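A, B, ... follow the sequence lines: proteins, then strands. Residue 1 opens every chain. Computed from a predicted structure; not experimentally measured.
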Amino acid sequence: MFEAEQIAVEKQIRTFFAQGGLSDFPLQWNSIPFSGQWGITTSFFQAAAQEARQGKKVSVPQRAQELAEQARDFLGQPAGFERVEAVKGYLNLFYSSAEYARRVIETVLEKAQDYGRGDPKEMQVMVEFSQPNTHKTFHVGHLRNVITGSAVSNILEFAGYTVVRANYIGDIGLHVMKWMWNYMKHHSGEQPAGDLQRWMGDLYTEADRRFSDEPGFELEVRQLFARWDGHDPDLIALWKKTREWSLEGFAQIYDTLGVNFDRFYFESEEEEPGKELVNQLIERHLAEDERPDGPVIIRLDEILGNQADKYRVLVILRSDGTSLYSTKDLALAIRKFKEFPLSRSIYVIDVRQSLYMQQIFKTLELMGYAWAKDLYHLAYEIVNLPGNVTMSSREGTVVLLDDLIREACSRALEIVREKNPELDPAAQEAVARAVGIGAIKYPMLSRDNTKITTFDWQTALDFNGQAAPYIQYAHVRANSILRKAGGSLPPADESLGQLEPAEIALVDLIARLPRDIQRAAATYRPLDIATLAYDLARAFNDFYNQCPVLLAEPAQRNFRLRLVASARQALANSLALLGIAAPAAM
RNA sequence: GCCCUCGUAGCUCAAUUUGGAUAGAGCGCUUGCUUGCGGAGCAAUAGGUUAGGCGUUCGAGUCGCCUCGGGGGCACCA
């Protein structure tokens, strides 16, 4: 927002370098890292170090400070800045804060819900996430994927990319056959009772137990799979019906979480194209067909001439000719690029599949697809239970998503009723949902993807401190002030000269939104936005405590009302990117 | 055995992207704050050899190498 001033100063500093016979080097600008101080900073250590390397006998820090002081004197009073100082080798330029603050506020109020949106980039990006398996339950371990994928999609879209949100449904495979086999054998004709998700999940756990306990049944399941493969009409009909039960359950969950998709892919639809692809690979001698004694494989390291075990061997078809995940994933990758002019294809998949993802990407590269370099595995660490227990549907060690959501919302409702009894019951319900679901989402977004998360009920239901409700509460407070002020905002007032440190800190953060969104998009990091939202809320609370708004003198009151409106907007926009609702009251 | 990943306050996590000034929050502990716009809030106090070592650099939590420790992956699961 202040590029013009920065460029002007940078030009001056280059002149200063040239006049002093100093060699040029790229200046790196940062914002001044001290709270309540608003401006830009650069250092002269590189210039000083360069002199030292050229043989001058100088102490680098001392020389950097000298240069900073000389630059300060050379610059005098540059336009747009109210103060310039040279400290410890740094040159700090402080914005004319009242003027700049008005500029920031003006922009935010004008762009409103589009504040922070990047210019359209003419680039289409696909984000594949969620990838649930039908006939299994959706549990808390799957939540991180959905939340991350959805937030990354929101951020990319807001940053200016065209985003295709893709879901890849695991509707076929051994797990489905196990479930069907158990259903046909022990629950034939039964309809889902009660909680759809739970019912499907219970049957899966039961099927898995029988599968490992009762010998001989593995063969039966494989025979069932062969029947499905041979398009047995009765079996296909049952498969479609039971699959629908799962999909219905998923739709409910996505709806509750406020997540949507543009394109659904189904694993079952990639079977045939996948097998054709395998034949191609065999013909092209990239794959080796060891059937019937062995599977179809690609010896990646051998083809690449690698000594070390880096890419190892990828199995792309079972020895009995049935497909694997890889069979279908290869076909799907190609289909995606046929359907959309993608400049990037992102896979949100847990970190344990890193090697597998690299194998798939490398295989596609070997097949000659130029876009193979545009495939990206966005890996995230898993969600564990206390005691380092991995959640597993097979073992039944899961916390059901439904249970968590229900518990969080009912806990939130209790608090809303206590804090805000005069709100009507329907509004209380709505607030409880916003708070409960926000509280579930935020912890998954506010830590790095590479860190393992441990789920425990107490932490998940803790609404205090660095959590979504804190941010939502700041939004509510801002809203409350504006409601009490009534009517429309006053026009900008030029008469205010000096700002309080709390005001400066708040405006500074609001001004960073556009740039931070670009950075978060470039690095696929919702964490940056989660941190920003929290910092905004904290800065607002600080301001709220130190700076009266409604009772202030007219000039100050006008300015602060506009600042409050800007802060509310910045909070709402950053929460929207995280998929967290910003209620008006709570 | 090979590869990946993590190690920061008692606990859970940050640290502005290719290194920059004083390593910051929350929870928990202790002590305060409400006739000022919502106390789901705020203030203060205590808590650190950034696992350890060597190196690169004017400058390292951040980059490189080594050691220790946790987690994960490595041929017909997904």
For atom CD of E381(A) and atom P of G72(B), their distance in whole Å: 9 Å

Length of the CZ-C1' vector between R477(A) and A40(B), whole Å: 9 Å

Distance, C1' atom - from U49(B) to G39(B), rounded to whole angstrom: 40 Å

Interatomic distance where CZ belongs to R417(A) and C1' belongs to G38(B) [whole Å]: 20 Å

Touch class at under 4.0 angstrom, heavy-atom based, for N30(A) against every strand present: nothing

Sugar-phosphate only, base, or nothing, as touched by N133(A) at under 4.0 Å among non-hydrogen atoms: sugar-phosphate

Between P of G36(B) and CG of L550(A), the distance in whole Å: 13 Å

Sugar-phosphate, base or nothing in reach of V296(A), heavy atoms under 4.0 Å: nothing

Separation of G7(B) C1' from K451(A) NZ (nearest whole Å): 9 Å

Sugar-phosphate, base or nothing in reach of R299(A), heavy atoms under 4.0 Å: base

d(CD, Q65(A); C1', C58(B)) in whole Å: 14 Å

Sugar-phosphate only, base, or nothing, as touched by D508(A) at under 4.0 Å among non-hydrogen atoms: nothing

Sugar-phosphate only, base, or nothing, as touched by R525(A) at under 4.0 Å among non-hydrogen atoms: base

Is_stacked (Y325(A), C77(B)) at 5.5 Å, 30 deg: no

Pairwise C1' distance for C27(B) and G72(B), with rounding to whole Å: 29 Å

Sugar-phosphate, base or nothing in reach of K310(A), heavy atoms under 4.0 Å: nothing

Counterpart base for G1(B), defined by Watson-Crick or G-U wobble contacts under 3.5 Å: C74(B)

Nucleotide C27(B), atom C1' - distance to CZ of R447(A) in whole Å: 12 Å

Sugar-phosphate only, base, or nothing, as touched by Y534(A) at under 4.0 Å among non-hydrogen atoms: sugar-phosphate

Touch class at under 4.0 angstrom, heavy-atom based, for I297(A) against every strand present: base

A40(B) phosphate, OP1 or OP2, under 4.0 Å from K419(A) side-chain N/O: yes

N/O (side chain, S43(A)) to phosphate O (OP1/OP2, G20(B)) under 4.0 Å: no

Gap between atoms OH and P, on Y473(A) and G38(B) respectively (whole Å): 8 Å

